[in-house]
Structure formats: C-alpha cells, structure tokens
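For clarity, every value in this text was computed on a predicted model and none was experimentally measured.
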Amino acid sequence: MADLMSSNREIARSGAPWEKSGNTSWIQCPSCEDWFHVGPELLDRPKVKLHCPACHTEFLQDEAKRLVTSG
C-alpha cells in the first residue's frame with residue numbers, strides 16, 4: 001500500500017453533493033495537463049499504465065502530475 005502513496009496524490013475531503021463517497025478519483029496527465037476520471041479498480045493497480053483521452057499519452061500513476069481521490 002505504501003507504493004500507492006506518492007507526492008502527487010491529494011485527498012479531497014468533500015466532493016460534490018451528488019457524488020458517492022469513495023468514487024471520486026481524478027488524475028492529471030503529465031504531458032498535456034488535462035484531467036480525467038480514474039476508477040478505483042485502476043488505483044488498486046499502480047503498475048497499470050493509464051491512457052490520457054486528450055493527448056493519448058500512456059503513463060503510470062506515480063508519473064501523473066496530480067492525483068486527487070476522495071477520502
């Protein structure tokens with residue numbers, strides 16, 4: 001679990017009223033800096049490459065510019 005925590009990860013304490021707690025995860029692409037949603041099942045697998053829908057860059061979680069999860 002320790003390798004899931006990195007300096008780019010933030011925990012959002014309050015989300016939008018319509019979002020369920022624990023389901024909000026956003027990641028920022030290191031290349032184009034666009035944000036996109038990431039499901040919790042992918043966050044449990046830090047070795048899986050993520051694919052930016054805006055610029056098509058592939059990167060690992062720890063390479064993301066920022067990662068925001070609900071807490």
Peer 1: Here's a test for you: under side-chain contact (heavy atoms from CB on, under 4.5 Å), which of Thr69, Val68, Leu43 qualifies with Val38?
Peer 2: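 Testing Val38 for a side-chain contact (heavy atoms from CB on, under 4.5 Å) against Thr69, Val68, Leu43 leaves exactly one candidate, Leu43.
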Peer 1: Any idea which heavy atoms bring Phe36 and Trp26 closest together, and the distance?
Peer 2: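 Smallest interatomic distance, heavy atoms only, reads C-CE3, 3.3 Å.
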Peer 1: Which pair of heavy atoms, one from Pro46 and one from Leu60, lies closest together, and at what distance?
Peer 2: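 Here Pro46 and Leu60 meet closest at O-CD2, 3.8 Å.
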Peer 1: Looking at side-chain heavy atoms only, is the closest gap between Cys32 and Cys52 below 4.5 Å?
Peer 2: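 Yes, side chains in contact.
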Peer 1: Could you work out, with side-chain contact (heavy atoms from CB on, under 4.5 Å) as the rule, every residue matching Glu58, not counting sequence neighbours?
Peer 2: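 Glu58 satisfies side-chain contact (heavy atoms from CB on, under 4.5 Å) with Lys49, His51 only.
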Peer 1: Atom NE2 of His56 and atom SG of Cys29: how far apart are they, to the nearest 0.5 Å?
Peer 2: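 So the gap between those two atoms works out to 10.5 Å.
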Peer 1: Please give me the minimum heavy-atom distance between His37 and Ser25, naming the atom from each residue.
Peer 2: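 That closest heavy-atom pairing would be ND1-O, 3.2 Å.
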Peer 1: Please report the closest heavy-atom contact between Trp35 and Arg66, naming both atoms and the distance.
Peer 2: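 Shortest heavy-atom contact: CH2-CB, 3.7 Å.
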Peer 1: Identify, with sequence neighbours excluded, every residue that meets salt bridge (charged side-chain N to carboxylate O under 4.0 Å, His left out) alongside Glu33.
Peer 2: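 Partners of Glu33 under the salt bridge (charged side-chain N to carboxylate O under 4.0 Å, His left out) test: Lys65.
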Peer 1: Is Gln61 reaching over with its side chain to a backbone N or O of Leu50, donor-acceptor style, under 3.5 angstrom?
Peer 2: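 Side chain of Gln61 to backbone of Leu50: no pair is present.
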